[in-house]
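Every heavy atom of this structure was used, including side-chain atoms; hydrogens, water molecules and symmetry mates were not. We name chains A, B, ... by the order of the sequence lines, and we start the count at 1 in each one. In this text the structure is predicted, and so the values were computed from the model without any measurement.
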There are 4 protein chains.
Amino acid sequence: MHPSPRSEILHAAARAVAAHGFHGMSMRKLAQATGRSTASFYNYFPSKEAVLFAIQSEAFDVLLARARSLLGRFVEPEERLYAFVLNHVRYFASHDHVMRVLIQEATALAPPQRGLVRERKLAYFTLASELVSSVMPEGTPYAEVEKTTYCVFGVLNWIYGWYDPEQHGAPDGLARTIMHLVSGGLVERRTDDALLARVEAELSDHAAPALIADGEQEPIR
Amino acid sequence: MHPSPRSEILHAAARAVAAHGFHGMSMRKLAQATGRSTASFYNYFPSKEAVLFAIQSEAFDVLLARARSLLGRFVEPEERLYAFVLNHVRYFASHDHVMRVLIQEATALAPPQRGLVRERKLAYFTLASELVSSVMPEGTPYAEVEKTTYCVFGVLNWIYGWYDPEQHGAPDGLARTIMHLVSGGLVERRTDDALLARVEAELSDHAAPALIADGEQEPIR
Amino acid sequence: MHPSPRSEILHAAARAVAAHGFHGMSMRKLAQATGRSTASFYNYFPSKEAVLFAIQSEAFDVLLARARSLLGRFVEPEERLYAFVLNHVRYFASHDHVMRVLIQEATALAPPQRGLVRERKLAYFTLASELVSSVMPEGTPYAEVEKTTYCVFGVLNWIYGWYDPEQHGAPDGLARTIMHLVSGGLVERRTDDALLARVEAELSDHAAPALIADGEQEPIR
Amino acid sequence: MHPSPRSEILHAAARAVAAHGFHGMSMRKLAQATGRSTASFYNYFPSKEAVLFAIQSEAFDVLLARARSLLGRFVEPEERLYAFVLNHVRYFASHDHVMRVLIQEATALAPPQRGLVRERKLAYFTLASELVSSVMPEGTPYAEVEKTTYCVFGVLNWIYGWYDPEQHGAPDGLARTIMHLVSGGLVERRTDDALLARVEAELSDHAAPALIADGEQEPIR
DNA sequence: GATGAATGAGAATTCATTCAT
DNA sequence: GATGAATGAATTCTCATTCAT
């Protein structure tokens, strides 16, 4: 009952791409990692890009299918939102290298296939934005819902950048922290716009900084 | 009053790395982009890694220095937190490719230099966590503050993944959306833990999904 | 019945290294010389250093194995010494470029592999020093034997610097000149020519050895 | 009382060539080793080849001039031969990297300059062959004298391959070992030690010669 | 005399891919 | 299906040399 070679390759590829990036992963190393000859590889995937495409599209398929199936069990908005968060967190907690590939290599695919991944991503985003909308104050304009959804995805996507179960506890605990922040914020009270305006005004003189310090640098050699 | 060649190179490199990743950027293309021969390049930076290091370390230096100088103007916790957010958003709104490099290529550097970048990153994180802590309910355990700070950075770091001023309005508006989410959450009321537990229990049968769908796939060719 | 590609490469490499030194030989030129593309090369040897190592270690292996097998046929010290000289001269007379590589590029290898070559060299030297010792006056201190052995190797190793069969006669004549110098010096009695002829006759069946052992080699990668 | 920059460069170059071969020495590293900029280098030598030529031709000039001056002091053949050996050994004992360059890079120069070095080498060889001839049995054919002289040079040239004063004693001791081998061989009477001591005493005033003639040189360009 | 900067050529090596077996 | 061998193109980086200052 081995996993299929195809699946085995996909897993190894995800790990390699996560570790070194799409360009940093080579077919050779991939072949070595799976104990196959480089040439054998092309019996399963016609090109390096095809491997990446398979990872990304199939991962989104799984993610979306699971989310949909889970949401069928809940009616109340906050429950549904949490179910979505929990699904996302659990998936990525156990497959963080896939997460990396999904996020970091979003632009590595060329147009024809890139579009197909984007479609899946959009479906997933749309689902999330509906859930976000349903818990926000009635009448919130869509533009605000959209931006807020992106922010929520920021929280969810950044997990791979820091989360370590040994250090930060089980995935469900992480999901709760996230849900707490997303639902009630840090203070359970939205910061007053007047305060925000005050700060902005105070900083109005602060021009956008130089991209990079452009002063004297010690010469090389 | 030209920018120094060194600075010009750094900017072009940041753009290239952002677009294709560190491994996807080649010294050749970089040289072409700055109108120099490949060999000339090595008069300014001794290696490709040195270019990446310069971008990352100098960007963090600028970011941290600015944040510190801004915070000197405010006393109230929420004001200070917003000043931090605003500084971050403004910097990256105008230099989104630098942001990408900072985030996506965090692991591309080898140990000696990687540590130096990590130090700077830690200083920046520590500053943020103090601000987060100061607006959270008194007595929140540090572990929770830490995780929450990471979540906040998720929101801040993901900006480059979606933010487009033309579509989503000026940076200051984005900063407000973020600050609203972070301070008051979506509903200005933390979701009840009982509800969370209910959902978790309901999903307890849902094993971690296969990394990638492992079914039959149409054969290639 | 072609020679193996591996062996063909090794021969061409020895010629190139002899002509231009290790640093002066380029993989490009080597590839051209063997009618292969540069990249194809790396199917046989993983690096330039590996090529040099193969030449040096395999040449010493052949040389040492032959010397040992020859010495088994003689008992008298002077005969044994001459057999050693003759073996050395014949080998290098027919493969002078290998000799050059052995001598001129002794320091081109990096520590791990360099040590392995040094071990072989030491075994060969030790064998020679025993023979030298056995013909020197009884009681000669080892320090003197050692230095004298080095001097004998000086004579033997320098052959490639000047010897041209067309101009200086057959290898066996060269071996005699060397043996005369070594045994009796410039001004004294030399080894009896009858003895020399005896040894030569005994070795007449020993064809010039393969430049480099051309047997089975462990495959790379 | 600094050495001239020219001479300093020549010394550093000899060391570098000895260590890494002519192709392995780069003008850059040479410049670094002498604390100059690469460009400054070309104020002293018009090309890399010119550096090598200067080392080789000047070294031979010094060697030959010294040998000639020494030989003027002796009449007896064996004394004269030993004086030649002693001069050679002393020179190279103190300047082993020059010796390496002379021997290992004999073919690195292109035809026009290579011939000039060869001329000097021939003069040196001819001198030696006369000395060798004068101690060999009357009537030895020139072909045999020539081959024997090459063998003697083998002994002399190989010194750099093994001689270490710490381990093998002072240069004069080495010269004796060589002279013993050359005169009486391994098994026969050697040159009387009293004779050797006489020559050494006679040359005691002859300090180790400058590595390379450090006089006025015609300016380049 | 000195030097920072420039550069075409070439170094070793790796790449994704193909193909005969 | 598997694979050893082949390869053109690209990789990072170094080379000797030049030249304006």
Treat a base pair as Watson-Crick or G-U wobble with both distances under 3.5 Å, then lay out DNA chain F in dot-bracket form, 5' to 3', with | for cross-strand pairs. .||||||||||||||||||||
What is the distance, to the nearest angstrom, from the CZ atom on A:Phe45 to the P atom on F:dG1? 13 Å
Map C:Glu49 and B:Gly35 onto DNA chain E by nearest heavy atom, then report which one ends up closer to the 5' terminus. B:Gly35
How many whole angstroms separate atom OH of D:Tyr42 from atom P of E:dA5? 18 Å
Just the rounded figure in Å: distance from P of F:dA5 to CZ of C:Arg6. 12 Å
Nearest-nucleotide pick for B:Asn43, side chain only, options being F:dG8, E:dA5, F:dT3: E:dA5
Base, sugar-phosphate or nothing for D:Ser26? Non-hydrogen atoms, less than 4.0 Å. sugar-phosphate
Determine whether the side chains of B:Ser7 and B:Ser4 contain a donor N or O and an acceptor N or O closer than 3.5 Å. no
Classify the nucleic acid contact of A:Ser47 as base, sugar-phosphate or nothing, counting any heavy atom under 4.0 Å across all strands shown. sugar-phosphate
Nearest-Å distance for atom pair CE/P, residues A:Met27 and F:dA6: 21 Å
What pairs with B:Glu8 under side chain to side chain contact (heavy atoms under 4.5 Å, CB included), at least two apart in sequence or on another chain? B:Arg36
Closest-nucleotide ordering on DNA chain E, the 5'-leading residue of A:Lys48 and C:Lys48: C:Lys48
Find the distance D:Leu30:CG to F:dT14:C1' and express it as a whole number of Å. 15 Å
From the list E:dT3, E:dT13, F:dC13, which nucleotide is the closest neighbour of the side chain of C:Thr38? E:dT13
For B:Arg36, which contact category applies under a 4.0 Å heavy-atom criterion: base, sugar-phosphate, or nothing? sugar-phosphate
Choosing from E:dG1, F:dG1, F:dA6, which nucleotide comes nearest the side chain of C:Tyr44? F:dA6
Among the nucleotides F:dC15, F:dA2, E:dC15, whichever has the atom closest to the side chain of A:Ser40 is F:dA2
Roughly, in whole Å, what's the span from CE in A:Met25 to C1' in E:dT17? 14 Å
Tell me the interatomic distance from C:Arg28, atom CZ, to E:dT14, atom P, rounded to whole angstroms. 16 Å
For the backbone of A:Leu116 and the side chain of A:Arg120, can you confirm whether one donor and one acceptor N or O come within less than 3.5 Å of each other? yes
Mind calculating the distance between CZ (B:Phe41) and C1' (E:dG8) to the nearest angstrom? 17 Å
Counting heavy atoms not belonging to D:His20, are there more than 12 under 6.0 Å from its NE2? no
